[in-house]
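What follows is a short report on a single structure.
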Amino acid sequence: MTSRYNPLEIESKWQARWEAEQPYKAIEEPGKPKMFLAEMFPYPSGAGLHVGHVRNFTIVDVLTRFYRQQGLNVLRPFGYDTFGLPAENYAIKTGTAPQDITKDNIANFRKQAKRLGYAIDWSREINTSDPEYYKWTQWCFLQLYKKGLAYQKESYQWWCPEDQTVLANEQVENGKCWRCGHEVEKKKMKQWFFKITEYADELLDDIDALDWPDKIKTMQKNWIGRSVGAEIDFKVSGRKITVFTTRPDTIMGATFLVVAPEYPDLGFLVTDDTRDAVNKYKQDALKKSEIERQENKEKTGIFTGSYAINPATKEKIPIYVADYVLAGYGTGAIMAVPAYDDRDREFAEKFDLPIVEAELIDRDLYGTPKVTYRMRDWLISRQRYWGCPIPIAYDKEGNPHPIPEDQLPVVLPEIKDYKPDSSGRSALAKAKDWLKVKIPVKDEKTGKTHMEEMTRETDTLDGYACSSWYLWRYASPHDKDHAWDPEAIQYWEPLDYYCGGDHAVAHLLYVRFWCKFFADLDYLPFREPIKHLLYNGYINAPDGKKMSKSKGNVIDPLDVINDGYGADTLRTYELFIGPYNLDAAWDPRSVGGVYRFLNRCFNLMDKVSEVDNTIIRHKTIKKVTTDIHKYQFNTAVAALMEYVNELYKQGATEDDLIILAKLLKPFAPHLASEMLERLGANDEWPTWDDKYLASDTVTVVVQVNGKLRAILNVDAADLDDEQKIIDLALTDKKIQKYTAEGIKKTIFIKKAKLLNLVV
Ligand code: ANZ
């Protein structure tokens, strides 16, 4: 007689054993097939794990355990994405060092993740704010810098006045800061960029072959946004304006030019008469977000006072400035063809400009072919303290110099006041001693090297830089000599399964970009870092609303566990809740249902009897295995529930129970391990034999002129094939008696499984 199911007791027993024995430690075994899985590593917030993390981590855990049980060499590491604003803002508020906050939060996350029983190789933990880690983020930066792919540029940038920092395009959502929701504005600043556009074509061309959700693939394609067209020069008194157009064939109808308000040469285009008004227009335009500027509102704009020559018609055409032309796209200048382009027509109508329906001409006559992308280069400098320092220093003339690799890491100094100011420099500017650094400089004339005192860069890197290479660090997380060990990379990478519910265009595009870049440097033997992507849905409150502290509707996973349900119930429930890729609402009753199911599994161990359940056993093995392969975790759990119901009805043999425990282990590993131990079995994944799985047959009624004449046994799958059913009916002797004269009409009603032959 077994005791009552006591999840808390069983779970602490198995967790203690896993802690002591480290069974999930991954070791390279050349020649043995591998499987590498990871979730998008979490930001360890002060609030600890939430139910969304649990869903995300459990999906990875189910696949991890599934492949382990199938005998593959599985790597499932864990890490923390720790730089960023929440810890810094908390530090500003409380004066606590972000380093200390982060340490505590990590300890809490680790404890909680262990409480959930994940099959993690804990020896491979990484933390992006650990100097041992970010030393290599800085090394990555320097490789990009050496190849000219990390560069500085003065440009208008999104600036969040609340967080006092610039934001990347991806971090501006509907004109607001992604983090604090404050309205953003444009500010002209010198900033660091990564030249992701260099890889735009390859990033686009390789998308189709990825086994990623179509939704994400489409978002990336749109984000990159390739446009094929031409650049055409228009002469303007001794200068020229180059426009980008996808319709060079319409040039005969170009009756004016429009430049963006930020157009660098605008100063040359304005005249004494127009200068003030144009400046005023420009200032107003800079306050608008790009989205606002592209909205289909009434067009605004102003004449600059200058004219250009249309190279095709040789006519003098006016040059306007208008905010519907964007600075960062194409050349920031367009030829307006109001007869063919809606936006240009609206503008022409409003400003009374000619609309000429001119003939279309050969493409090739004007301009040079040009491909343009919506995607911009990736803005990476942040005026914040809590980030990876950019390994650059400036000489007296303000020229940047890379910090030599043997001086890495550039460690973040401990400071007292973390607050940035509106001067545009991070709090690092106040760390006076840290700012000074000696850098070797080679004299071009003498060839000799001398040390020169310089000032360090005070910007830190966008956190997305830190997460652009962590998947490779997992292969050799403690390597002191490389960012990643080539042999370990060769064995484990690329990542087989990646699971997350965020970052469709930012992180998932950046990591592809770095992969291609490091592949070009021969540091990586593959050009796509992630084979299969699982994009999971969110878990909402019982009323379907987003869980949030302010609404007081947050479900704390640790409460669910400690209420007595245990981690196995929580894990199984979060996958049973619905298809993994859809949002789902928390349902407390269903948690209880899953708990009762696990109880029933446990109690079945008392009910061993002599019966033959071979067919249902093989059916269940097949269903659970194929469902997991298709990521249909909810229906896999449902199949196990059905199996248990059958075993209660029929009785269960020890073999039936062993199969149950093996199939249950990915979802409820503690209970399953306990059952397997008591049953004296290993956890090897079972296989099914199709010979026990005769296909389902159904009966189809065949009528002739409305009278029942025969009943056919057909394969259920054949119900979809009307002709096959008819052919089968016509081979039946009983039917043939009535159809010798031929058939006028056949009516097949699939739902009723009925075939009527009219003769
Ligand atoms: C003349 C023309 C005639 C155009 C026509 C279109 C249709 P996509 O497809 O999105 O790449 N354009 C170019 N640069 C722009 C900018 N910085 N801001 C706003 N609009 C810009 O769009 C390319 C077209 O958008 C270009 O081709 C240009 O207008 C406009 F019947 O040139 B077209």
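Keep in mind it's a predicted model, so treat the numbers as computed, not measured. We count ligands from 1, going down the list as the structure has it; atoms in each ligand are counted the same way. Keep in mind that the numbers below use all heavy atoms, side chains included, and drop hydrogens, waters and symmetry copies.
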Below 3.5 Å, can you tabulate the donor-acceptor pairs from side chains in residues 200-209 to any protein atom, sequence neighbours excluded?
{"residue": "Asp201", "atom": "OD1", "partner": "Arg226", "partner atom": "NH1", "Å": "2.4"}
{"residue": "Asp201", "atom": "OD1", "partner": "Tyr373", "partner atom": "OH", "Å": "2.6"}
{"residue": "Asp201", "atom": "OD2", "partner": "Tyr373", "partner atom": "OH", "Å": "2.8"}
{"residue": "Glu202", "atom": "OE1", "partner": "Arg527", "partner atom": "NH2", "Å": "3.1"}
{"residue": "Glu202", "atom": "OE2", "partner": "Lys516", "partner atom": "NZ", "Å": "3.1"}
{"residue": "Glu202", "atom": "OE2", "partner": "Arg527", "partner atom": "NE", "Å": "2.8"}
{"residue": "Asp205", "atom": "OD1", "partner": "Arg226", "partner atom": "NH2", "Å": "2.9"}
{"residue": "Asp206", "atom": "OD2", "partner": "Lys516", "partner atom": "NZ", "Å": "2.6"}
{"residue": "Asp208", "atom": "OD1", "partner": "Lys221", "partner atom": "NZ", "Å": "2.7"}

Can I get a per-line list of side-chain donor-acceptor pairs under 3.5 Å for residues 354-369, giving both atom names and the distance, sequence neighbours left out?
{"residue": "Asp362", "atom": "OD1", "partner": "Asp364", "partner atom": "N", "Å": "3.0"}
{"residue": "Arg363", "atom": "NH2", "partner": "Thr246", "partner atom": "O", "Å": "3.3"}

Check your understanding: Is the cationic atom of Arg239 (NZ for Lys, CZ for Arg) positioned less than 6.0 Å from the six-membered ring centroid of Phe268 and within 45 degrees of its normal?
Key -> yes
**Study point:** Charged tip of Arg247 within 45° of Tyr340 ring normal and under 6.0 Å
**Key:**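 Yes, a cation-pi geometry.
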Distances under 3.5 Å, N/O of ligand 1 against N/O of the protein: list each pair and its distance.
{"residue": "ligand 1", "atom": "9 (O)", "partner": "Ser227", "partner atom": "OG", "Å": "3.3"}
{"residue": "ligand 1", "atom": "10 (O)", "partner": "Arg374", "partner atom": "NH2", "Å": "2.7"}
{"residue": "ligand 1", "atom": "11 (O)", "partner": "Ser227", "partner atom": "OG", "Å": "2.3"}
{"residue": "ligand 1", "atom": "11 (O)", "partner": "Tyr329", "partner atom": "OH", "Å": "2.4"}
{"residue": "ligand 1", "atom": "17 (N)", "partner": "Leu326", "partner atom": "O", "Å": "2.7"}
{"residue": "ligand 1", "atom": "17 (N)", "partner": "Tyr329", "partner atom": "O", "Å": "2.9"}
{"residue": "ligand 1", "atom": "18 (N)", "partner": "Leu326", "partner atom": "N", "Å": "2.9"}
{"residue": "ligand 1", "atom": "25 (O)", "partner": "Arg343", "partner atom": "NH2", "Å": "3.3"}
{"residue": "ligand 1", "atom": "27 (O)", "partner": "Thr245", "partner atom": "OG1", "Å": "3.4"}
{"residue": "ligand 1", "atom": "27 (O)", "partner": "Thr246", "partner atom": "N", "Å": "3.0"}
{"residue": "ligand 1", "atom": "27 (O)", "partner": "Thr246", "partner atom": "OG1", "Å": "3.2"}
{"residue": "ligand 1", "atom": "32 (O)", "partner": "Thr245", "partner atom": "OG1", "Å": "2.7"}

Review point. Between Trp212 and Tyr498, is the ring centre distance below 6.0 Å?
Key: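 Ring-ring flag for Trp212/Tyr498: false, centres at least 6.0 Å apart.
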Without placing hydrogens or testing angles, list every side-chain donor-acceptor pair under 3.5 Å for residues 322-329, not counting sequence neighbours.
{"residue": "Asp323", "atom": "OD2", "partner": "Lys288", "partner atom": "NZ", "Å": "2.8"}
{"residue": "Tyr324", "atom": "OH", "partner": "Asp344", "partner atom": "OD1", "Å": "2.8"}
{"residue": "Tyr329", "atom": "OH", "partner": "Ser227", "partner atom": "OG", "Å": "3.1"}

